[in-house]
Amino acid sequence: MRLYDRTLTSRLMLGTALYPSPAVMRDAVVASGAEIVTVSLRREGAGMGQNGPGFWDEIRDLGVAFLPNTAGCHTAKEAVTTAHMARELLGTDLVKLEVIGHADTLQPDVFGLVEAARILSSEGFKVLPYTTEDLVVAERLLRAGCEVLMPWGSPIGSGLGLNNRYGLRSLRAQFPDITLIVDAGLGRPSHAADAMELGYDGVLLNTAVATAADPVTMAHAFRLSVDAGRMAFEAGGMEARDMAAPSTPVFGQALLA
């Protein structure tokens, strides 16, 4: 998977929130095979966030790359300021850009998103915008300087899977050469496989792993599903049919009177 100038072996990225402990989070990241993990600067910036004071110690030893996000930001100005803080703290130009526009669904504010993406791209950030599957918004984000798009599967933390398969399929078809990563709403490994079978380059998830009864095993399950979905896409799956079609040829069979 290609993220700007970085090539990754794993197509799964994992969030670091909501785990029962930093140690469980660490083991889940290892089991997932993820090479990039997302961190919220607002939550963990002081090293005393939701995961506790051992968070940074646990994660720095993994050898994975940080993808700071601007979670919780509701304006372009907030998101840009948070991205600057993240670059200073973590020493990375990568940023998962979130500008939230709706409190209940956590749907992106696409107007603020495009504005923030344009500002950050001009300042040398490598922006991964959390967006919708809207084709016009996608085009605006690409013009703003983004080289990766992260459309939602469904609302963050909902576990509903792919709510708009038509829209996601259309986005993939419209931008065949752009790295597309499904972000948010994936609740089961089958949802991740579904996204990969549509031809998406990767998935990013958090809640489905972190809140599972066994986060480590669930992380491994998602790893397998992402690999299986990608293999199926590359192999070329059969198209759905409205009618039955026999798998055993009828030509040459004996006719019984």
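- When hydrophobic clusters are built by joining Ile, Leu, Val, Met, Phe, Trp and Tyr residues whose side-chain heavy atoms come closer than 4.5 Å, directly or via intermediates, Met231 is not grouped with Val182.
- The shortest distance between side-chain heavy atoms of Tyr200 and Arg230 does not fall below 4.5 Å.
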Would you sort out whether Leu67 and Met13 count as a side chain to side chain contact (heavy atoms under 4.5 Å, CB included), showing the intermediate values? CA-CA 9 Å; Leu67 175 60; Met13 295 190 286; 4.3 Å; yes
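- Pro155 approaches Ser158 most closely through the heavy-atom pair O-OG, 2.7 Å.
- Using a 4.5 Å cut-off on side-chain heavy atoms (C-beta onward), Leu12 and Leu205 make contact.
- Pairing each heavy atom of Arg11 with each of Asp201, the nearest pair is NH1-O, 2.9 Å.
- Rounded to the nearest 0.5 angstrom, Glu139 CD and Leu171 CG are separated by 10.5 Å.
- Here the side chains of Leu128 and Leu97 are not in contact, with every heavy-atom distance at 4.5 Å or above.
- The neighbour count for Arg2 CZ, taken as heavy atoms of other residues, nucleotides or ligands under 6.0 Å away, is above 12.
- Nearest heavy-atom pair across Met196 and Phe233 is O-CB, 3.5 Å.
- Taken together through direct or relayed side-chain contacts under 4.5 Å among Ile, Leu, Val, Met, Phe, Trp and Tyr, Leu113 and Leu135 form part of one hydrophobic cluster.
- Phe111 and Leu120 fall within the same hydrophobic cluster, defined by Ile, Leu, Val, Met, Phe, Trp and Tyr side-chain heavy atoms under 4.5 Å apart, directly or through other members.
- Residue Val203 is not grouped with residue Ile156 when hydrophobic side chains (ILVMFWY) are merged at heavy-atom distances under 4.5 angstrom, including chains of intermediate members.
- A side-chain donor-acceptor contact under 3.5 Å links His102 and Thr105.
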Which is it for Asp27 and Val24 under the side chain to side chain contact (heavy atoms under 4.5 Å, CB included) test, yes or no, and what are the steps along the way? CA-CA 5 Å; Asp27 291 343; Val24 171; 5.8 Å; no
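- Without hydrogens or angle criteria, Asp93 side chain to Lys126 main chain gives no donor-acceptor distance under 3.5 Å.
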Between Gln107 and Ile100, does a side chain to side chain contact (heavy atoms under 4.5 Å, CB included) hold up when you go through it step by step? CA-CA 6 Å; Gln107 180 169 326; Ile100 301 301; over 6 Å; no
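- Annotation: the span from Leu224 atom CG to Ser32 atom OG amounts to 11.0 Å, rounded to 0.5 Å.
- With contacts defined as side-chain heavy-atom distances shorter than 4.5 Å, the pair Asp134/Val110 does not qualify.
- For the pair Asp183 and Thr131, the minimum side-chain heavy-atom distance is 4.5 Å or more.
- Summarising the geometry of Val216 relative to Ala28, their closest heavy-atom pair is CG2-N, 3.9 Å, with the distance given to 0.1 Å.
- A donor-acceptor pair under 3.5 Å links the side-chain atoms of Glu78 to the main chain of His74, judged by distance alone.
- Taken from CG in Asn163 to OG1 in Thr132, the straight-line distance is 12.5 Å, to the nearest 0.5 Å.
- Across all their heavy atoms, Thr70 and Ala79 have their closest contact at CG2-O, 3.5 Å.
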Pairs under 3.5 angstrom only: tabulate donor-acceptor contacts from the side chains of residues 143-153 to other protein residues two or more places apart or in another chain.
{"from": "Trp152", "atom 1": "NE1", "to": "Glu133", "atom 2": "OE1", "distance (Å)": "3.0"}

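- Heavy atoms only, all atoms of each residue included: Met1 and Thr179 are closest at CG-CG2, 4.2 Å.
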Verify side chain to side chain contact (heavy atoms under 4.5 Å, CB included) between Thr92 and Arg87, making sure each step is shown before the conclusion. CA-CA 5 Å; Thr92 178; Arg87 181 160 65 178; over 6 Å; no
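- In this structure, the side chain of Thr16 engages the main chain of Thr38 through a donor-acceptor pair within 3.5 Å.
- A donor-acceptor contact shorter than 3.5 Å is absent between the side chain of Tyr4 and the backbone of Leu94.
- At a threshold of 4.5 Å between non-hydrogen side-chain atoms, the residues Val64 and Val29 count as touching.
- Around the CD atom of Glu88, the shell of radius 6.0 Å holds no more than 12 heavy atoms that belong to other residues, nucleotides or ligands.
- Atom-to-atom distance recorded for His220:NE2 and Asp214:CG is 12.0 Å, nearest 0.5 angstrom.
- Between Val99 and Cys73, every side-chain heavy-atom pair lies at or beyond the 4.5 Å cut-off.
- Counting only heavy atoms from C-beta outward, the side chains of Ile119 and Glu123 approach each other to under 4.5 Å.
- Proximity of a side-chain donor or acceptor of Ser154 to a complementary backbone N or O of Gly161 within less than 3.5 Å is detected.
- In this structure, Tyr130 is not a member of the same hydrophobic cluster as Ile181, with clusters built from ILVMFWY side-chain heavy atoms closer than 4.5 Å.
- For Glu98 and Lys96, the salt-bridge test passes: some basic side-chain N is under 4.0 Å from an acidic carboxylate O.
- Atoms CG and CD, on Leu14 and Glu35 in that order, are 12.5 Å from each other to the nearest 0.5 Å.
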Show every donor-acceptor pair shorter than 3.5 Å between a side-chain atom in residues 185-195 and any protein atom, with sequence neighbours excluded, or say none if there are none.
{"from": "His191", "atom 1": "ND1", "to": "Gly187", "atom 2": "N", "distance (Å)": "3.0"}
{"from": "His191", "atom 1": "ND1", "to": "Arg188", "atom 2": "N", "distance (Å)": "3.2"}
{"from": "Asp194", "atom 1": "OD1", "to": "Arg165", "atom 2": "NH1", "distance (Å)": "2.4"}
{"from": "Asp194", "atom 1": "OD2", "to": "Arg165", "atom 2": "NH1", "distance (Å)": "2.7"}

